[in-house]
Number of protein chains: 2
Amino acid sequence: MDKYQEPLDTIFHALADPTRRAVVQRLVEGPAPVKELAAPYDMALPSFMKHIGVLESAGLIASQKQGRVRTCTLNPGKLAAAEKWFEEQRASWASRFDNLDNLLTSLQGETDET
Amino acid sequence: MDKYQEPLDTIFHALADPTRRAVVQRLVEGPAPVKELAAPYDMALPSFMKHIGVLESAGLIASQKQGRVRTCTLNPGKLAAAEKWFEEQRASWASRFDNLDNLLTSLQGETDET
DNA sequence: TTGATACTTATCCATGCGGCTAACTATAGT
DNA sequence: ACTATAGTTAGCCGCATGGATAAGTATCAA
């Protein structure tokens, strides 16, 4: 019964956690093995791996195993996709008075507040 | 026993839901009463109000009641705060080869892959 | 003043999330 | 071969989330 999840849902959900954001911030500097990524956190490894899993299934990072070491790398494209959403909103916000009707309605709203 | 929540946690969490993102996209065009915002969704009003509550406590929107009508307005500042995080990551990503050590380590990583 | 409108409050429910431990697997080093 | 390392798998737990319904409140319109 899985409901369809939009890409932005999983991306934003992945970023709504300080540990996961910090991992992204670390990977932005370059690839790193799981062990190194996990080191700063007072958390059991399986718990940490779940975070990696969330980031990976959101497409924000990729990982591959070499011997016993799994190395994670950032996928900046997904980061860009999320950023794009904000840009779009900003664009709409900037043009919210583009047509005169909107402007007039807004002005009326302001003067109605007596 | 609430754990301290960082602002970005609540902002990203608020945006990790298609209904809430759509509300933001609507409010970017200008303020609107709850009833109008809720109209497109096949959802009970109390459920919808929870989404409004999430957006509001994340600081993404504000609302005030006039008579029986509660009007919501966007707070573009919080949107900008989230966007800023992406810009920071992008900046780090762009400068990841700024010092020579990083570059060399990376090149070595590439050639090791035989 | 009666009724409709626009929320609001209270309560419930299933699922998902973030953490844990314990036990297992596979590789590297000695 | 043995041991340490680096993940992995499996299962458990408590709380938050996203939905629902039912009933209450306050305001506006006739």
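All chains are named by letter (A, B, ...) in the order of the sequence lines, taking the proteins before the strands, and each is independently numbered beginning at 1.
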Undergrad: Which class fits the ring pair F48(B) and Y41(B): parallel under 30°, tilted 30 to 60°, perpendicular over 60°?
TA: parallel
Undergrad: Given atom CD of E56(A) and atom C1' of dT8(D), what is their separation to the nearest angstrom?
TA: 14 Å
Undergrad: Which nucleotide, dA4(C), dC17(C), dT8(D), lies nearest any side-chain atom of R68(B)?
TA: dA4(C)
Undergrad: Measure the distance from NZ on K65(B) to C1' on dT5(C) and round it to the nearest whole Å.
TA: 11 Å
Undergrad: To the closest 0.5 Å, what do you measure between CD1 (I61(A)) and OG1 (T71(A))?
TA: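 OG1 of T71(A) is found 11.0 Å from CD1 of I61(A).
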Undergrad: Mind checking the OG1-CG spacing from T73(A) to L60(A)? Nearest 0.5 Å is all I need.
TA: 11.5 Å
Undergrad: Does NZ or CZ of R90(A) fall inside the cone over W93(A)'s six-membered ring, less than 6.0 Å from its centre and within 45° of the axis?
TA: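 No - R90(A) does not lie over the ring of W93(A) by the 6.0 Å and 45° rule.
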Undergrad: How far apart are the C-alpha atoms of R21(A) and L8(B), what are their side-chain angles, what is the distance that settles it, and do they pass the side-chain contact (heavy atoms from CB on, under 4.5 Å) test?
TA: CA-CA 9 Å; R21(A) 276 199 310 282; L8(B) 284 180; 3.6 Å; yes
Undergrad: In residues 45-55 of chain A, what residues come within less than 4.0 Å of DNA chain C, judged by heavy atoms?
TA: P46(A), S47(A), K50(A), H51(A)
Undergrad: Where each residue is assigned the nucleotide of DNA chain D containing its nearest heavy atom, which of M43(B) and E36(A) is assigned the position nearer the 5′ end?
TA: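 Comparing both residues, the 5'-ward one is E36(A).
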Undergrad: So, R20(A) side chain and L15(A) main chain: donor-acceptor pair closer than 3.5 Å or not?
TA: no
Undergrad: Side chain of Q89(A), backbone of L79(B): donor and acceptor closer than 3.5 Å?
TA: no
Undergrad: Tell me the interatomic distance from F12(A), atom CZ, to dG16(C), atom P, rounded to whole angstroms.
TA: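 Atom CZ in F12(A) sits about 22 Å away from atom P in dG16(C).
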Undergrad: How many whole angstroms separate atom NZ of K35(B) from atom P of dT8(C)?
TA: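 So the NZ-P distance, K35(B) to dT8(C), works out to 14 Å.
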Undergrad: Under the side-chain contact (heavy atoms from CB on, under 4.5 Å) criterion, do S57(A) and T10(A) qualify, and how do the steps go?
TA: CA-CA 8 Å; S57(A) 60; T10(A) 55; over 6 Å; no
Undergrad: Is the F12(B) ring parallel, tilted or perpendicular to the F86(A) ring (thresholds 30°, 60°)?
TA: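 Plane angle over 60°, so perpendicular.
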Undergrad: Under 4.0 Å from any atom of DNA chain C, heavy atoms only: list the residues of residues 14-27 of chain A that qualify, in numerical order.
TA: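 Heavy-atom contacts with DNA chain C come from R20(A).
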Undergrad: Rounding to an integer number of Å, can you tell me how far Y41(A) OH sits from dG18(C) P?
TA: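 Computing the Y41(A):OH to dG18(C):P distance gives 14 Å.
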Undergrad: Is the phosphate of dG18(D), meaning OP1 or OP2, less than 4.0 Å from a side-chain N or O of H13(B)?
TA: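 It does, given that an N or O in the side chain of H13(B) lies less than 4.0 Å from OP1 or OP2 of dG18(D).
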